[in-house]
Amino acid sequence: MEEVLVKQIFRDPETYLGRAVQVSGWVRTIRVSKSFGFIELNDGSFFHNIQIVFDDTLPNFQEIAKLPIATALRIEGQLVESPGAKQPWEIKAERITIEGRSEPDYPLQKKRHSLEFLRTIAHLRPRSNTFSAVFRVRSLAAYAIHRFFQERNFVYVHTPIITGSDCEGAGQMFRVTTLDFADIPRDEEGRVDFRQDFFGRETHLTVSGQLEAETFCMAFRNVYTFGPTFRAENSNTPRHAAEFWMVEPEIAFADLNDNMALAEEMLKYIINYCLEQAPEEMAFFNRFIDPDLLARLDNVVNSDFGVITYTEAIELLKKADQDFKYPVAWGADLQTEHERYLTEKIFKKPVFVIDYPKEIKAFYMRLNDDGRTVAAMDLLVPGVGEIIGGSQREERLPLLEARMKECGLDFADYWWYLELRKYGGTKHAGFGLGFERAIMYLTGMANIRDVLPFPRTVKSAEF
RNA sequence: UCCUCGAUAGCUCAACGGUAGAGCACCCGGCUGUUAACCGGGCGGUUGUUGGUUCGAAUCCAACUCGAGGAGCCA
């Protein structure tokens, strides 16, 4: 008999209606009366379950009726129209085979669980409705990103996970070493002798692939990275994880405006792709996670993102009829409350804040003609905050070196990065998209721990 | 790292100084079209840990552990 995926049945019912089919999957719930019962079966291919009707003409009716949730079954039967109101079709079972038993103490129940509890059973939570939807959308969004860039002739670069430069500048890093902690080698001055370590130097997990991506940008014109990123910051918030995924495009012969246009087009592409490919999951989020989700995404897709300079933003915030805990002043970084006010109260949609004071931004960002701001951009979105950070890069060698000197950086650590400016350096730009933050925005999930399959956060790496 | 809140049955919660309870789950029984099925019965606890106050502590106090929210850092 033909094995059919539940997704095939839902997407193409005419082909299967009235025919003999075989499905296999896991029991989500069983409801039984004296001589018949219903099984809701999820086969993993589709968000929704298929209803199985079985009765006591089956030789193992009594056994099936008492099966616990999560039991794996194979069902042979006929796909028929369902008299019930909640499902268009069902399978009238002619044979039910138990593929894998479960136990009555299966922790996932037929009721709503808290997300906090589900985090403690990360190995089982993908079987719940919410996480089934989250991780299918995550998969689709990842594919959408590759499709978006590949369709535009971008080259996918695998920048290294282990980095030899501890000066990538984006915060605390995880150390990578094979040295024996019980017997650490020392140099002549008593410091740890990393010459004896695996790579012969200090190494860490990457905090960004940008500097390496820039090298490929100067060869392939338009490139992107998409991979894991690690930050050892002691951050305890719903928006930070120690291991997360980042998308970092880098485009040559391009300025900040090109950069913003790319970011906006990319986000809209991802949203559209997920809405098209996972309508059931998106409808679920809208119903149970965030009732404004679909309206908000629709608004994002059909409107232009806002753009405001840092200087304009400061003026707006100064005039705001709202008391901020932190003072608003030119030269100070925007606080979370300021960003929320801008994107949630004023714009009510994604907004780029551009042209920040150079003092509060990274050394590689291109100096504007005013001499005191750089061509940086942060994309702020309601509810999630900063989702993208990027800039036009400083391609003028003397200006880059001057800026590095101001920041106290050693040219020797960046010799290959500086040579990009020496040999045919051109204007270029790029940004980093926090993949999980994009998924949060896309699904309405409020905690980054609930969009990562096995989240790594401070004091937490059990699974 | 700082601030705030929380931890009671497998889960979600109640009890707020005087004998620890409910719903759901689970187990048993009933039910011929269910929809987080329904109806009846049953099982289920060293109240996060350690110490203190008190005749008496789930309840008050302290420390610790873990969790959540806010802040900082950022994506």
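Here is how names work: the chains are called A, B, and so on, in the same order as the sequence lines, proteins then strands, and each is numbered from 1.
The distance between atom CZ of A:F38 and atom P of B:rU32, rounded to the nearest whole Å, is 12 Å. Rounded to a whole Å, the CD1 atom of A:I121 is 14 Å from the P atom of B:rG10. Protein atom CG of A:L118 is 16 Å distant from nucleotide atom P of B:rG67, rounded to whole Å. Counting to the nearest Å, the C1' atom of B:rG72 and the CD atom of A:Q335 are 8 Å from each other. Here the P atom of nucleotide B:rC11 and the CG atom of A:L124 are 13 Å apart, to the nearest Å. The CD atom of A:Q62 sits 13 Å away from the C1' atom of B:rG30 (whole-angstrom rounding). A:R31 has its CZ atom 20 Å from the P atom of B:rG30, to the nearest Å. What separates CG of A:D105 from P of B:rC26 is a distance of 11 Å, to the nearest Å.
Nucleotides B:rA25 and B:rG42 are separated by 14 Å at their C1' atoms, to the nearest Å. Comparing the P positions of B:rU49 and B:rA9 gives an interatomic distance of 11 Å, to the nearest angstrom. Using P as the reference atom, B:rC24 and B:rA36 are 15 Å apart when rounded to the nearest Å. Taking atom C1' in both B:rC73 and B:rU1, the straight-line distance is 10 Å, to the nearest Å. Using atom C1' as the reference point in both B:rC39 and B:rA58, the two lie 34 Å apart (nearest Å). Here the separation of B:rC13 from B:rG6, taken at their P atoms, is 14 Å to the nearest Å. A gap of 15 Å separates the P atoms of B:rA7 and B:rA62, to the nearest Å. Between B:rC60 and B:rA14, the two P atoms lie 14 Å apart (nearest whole Å).
Nucleic acid contact class of A:A85 (heavy atoms, under 4.0 Å, all strands): base. Among the heavy atoms of the strands lying under 4.0 Å from A:E116 are primed sugar atoms or P, OP1, OP2 only; no base atom is included. Among the protein residues, A:K66 comes within range of the sugar-phosphate backbone only, with heavy atoms under 4.0 Å from sugar or phosphate atoms but none that close to a base. In this structure, A:T29 reaches the sugar-phosphate backbone alone: every heavy-atom distance under 4.0 Å involves primed, P, OP1 or OP2 atoms, never a base. Among the heavy atoms of the strands, none lies under 4.0 Å from A:P68. A:I388 comes within 4.0 angstrom of the backbone, heavy atoms only, and of no base. When heavy atoms are screened at a 4.0 angstrom cut-off, A:R449 is found touching the sugar-phosphate backbone but no base atom. Counting any heavy atom pair closer than 4.0 Å across all strands shown, A:R112 reaches a base atom. Among the atoms of the strands shown, base atoms are found under 4.0 Å from some heavy atom of A:E90. Within the nucleic acid shown, A:K459 comes within 4.0 Å of sugar-phosphate atoms alone, with no base atom in reach, counting heavy atoms only. Here A:G84 lies in heavy-atom contact (under 4.0 Å) with a base. Using a 4.0 Å heavy-atom distance criterion, A:Y326 is classed as a sugar-phosphate-only contact. As judged by a 4.0 angstrom heavy-atom cut-off over every strand, A:T229 is placed among residues making no nucleic acid contact.
Here A:E344 does not pair with A:K348 in a salt bridge; the nearest charged N to carboxylate O distance is not below 4.0 Å. The pair A:R101-A:E63 meets the salt-bridge criterion, with a side-chain N (NZ, NE, NH1 or NH2) lying under 4.0 Å from an Asp/Glu carboxylate O. Under a 4.0 Å N-O distance rule, the pair A:E265/A:R152 qualifies as a salt bridge. At a threshold of 4.0 Å, the pair A:D290-A:R296 counts as salt-bridged, since one of the basic side-chain nitrogens sits closer than that to a carboxylate oxygen. A salt bridge is absent between A:E243 and A:R231: the closest approach of a Lys/Arg side-chain nitrogen to an acidic carboxylate oxygen does not fall below 4.0 angstrom. A salt bridge is defined here as a Lys NZ or Arg NE, NH1 or NH2 lying under 4.0 Å from an Asp or Glu carboxylate O, and A:E281 with A:R136 meets this definition. The pair A:E250-A:R393 meets the salt-bridge criterion, since a charged nitrogen lies less than 4.0 angstrom from a carboxylate oxygen. Of the charged side-chain nitrogens involved, at least one lies within less than 4.0 Å of a carboxylate oxygen, so that A:R403 and A:E406 count as a salt-bridged pair. Salt bridge absent: A:K361 and A:D333 never bring a charged side-chain N and a carboxylate O closer than 4.0 Å.
Residue side chain A:K111 reaches the base of B:rC11 through a donor-acceptor N/O pair under 3.5 Å, judged by distance alone. One N or O donor and one acceptor, one from the side chain of A:S235 and one from the base of B:rC73, sit under 3.5 Å apart. A donor-acceptor contact under 3.5 Å is not formed by the side chain of A:H113 with the base of B:rC11. Between the side chain of A:Q87 and the base of B:rG33 there is no donor-acceptor pair of N/O atoms closer than 3.5 Å. Residue A:N236 places a side-chain atom within donor-acceptor reach of the base of B:rU1, judged by atom type and a 3.5 Å distance cut-off alone. Counting atom types as modelled, A:R437 pairs a side-chain N or O with a base atom of B:rC74 as donor and acceptor under 3.5 Å.
Residue whose closest nucleotide on RNA chain B sits further toward the 5' end, between A:F117 and A:W245: A:F117. The residue among A:G434 and A:P107 whose nearest nucleotide of RNA chain B lies closer to the 5′ end is A:P107.
A centroid separation of less than 6.0 Å is found between the aromatic rings of A:Y341 and A:F324.
Taking the 5.5 Å centre cut-off and the 30° plane limit, the aromatic side chain of A:F435 is not classed as stacked on B:rA75.
Taking a pair as Watson-Crick or G-U with both hydrogen-bonding distances under 3.5 Å, the stems of three or more pairs touching RNA chain B are B:1-7 with B:65-71, B:10-13 with B:21-24, B:26-30 with B:38-42, B:48-52 with B:60-64.
Taking side-chain N and O atoms only, A:K110 has no distance below 4.0 Å to OP1 or OP2 of B:rU12. For A:T336, a side-chain nitrogen or oxygen approaches OP1 or OP2 of B:rG72 to under 4.0 Å.
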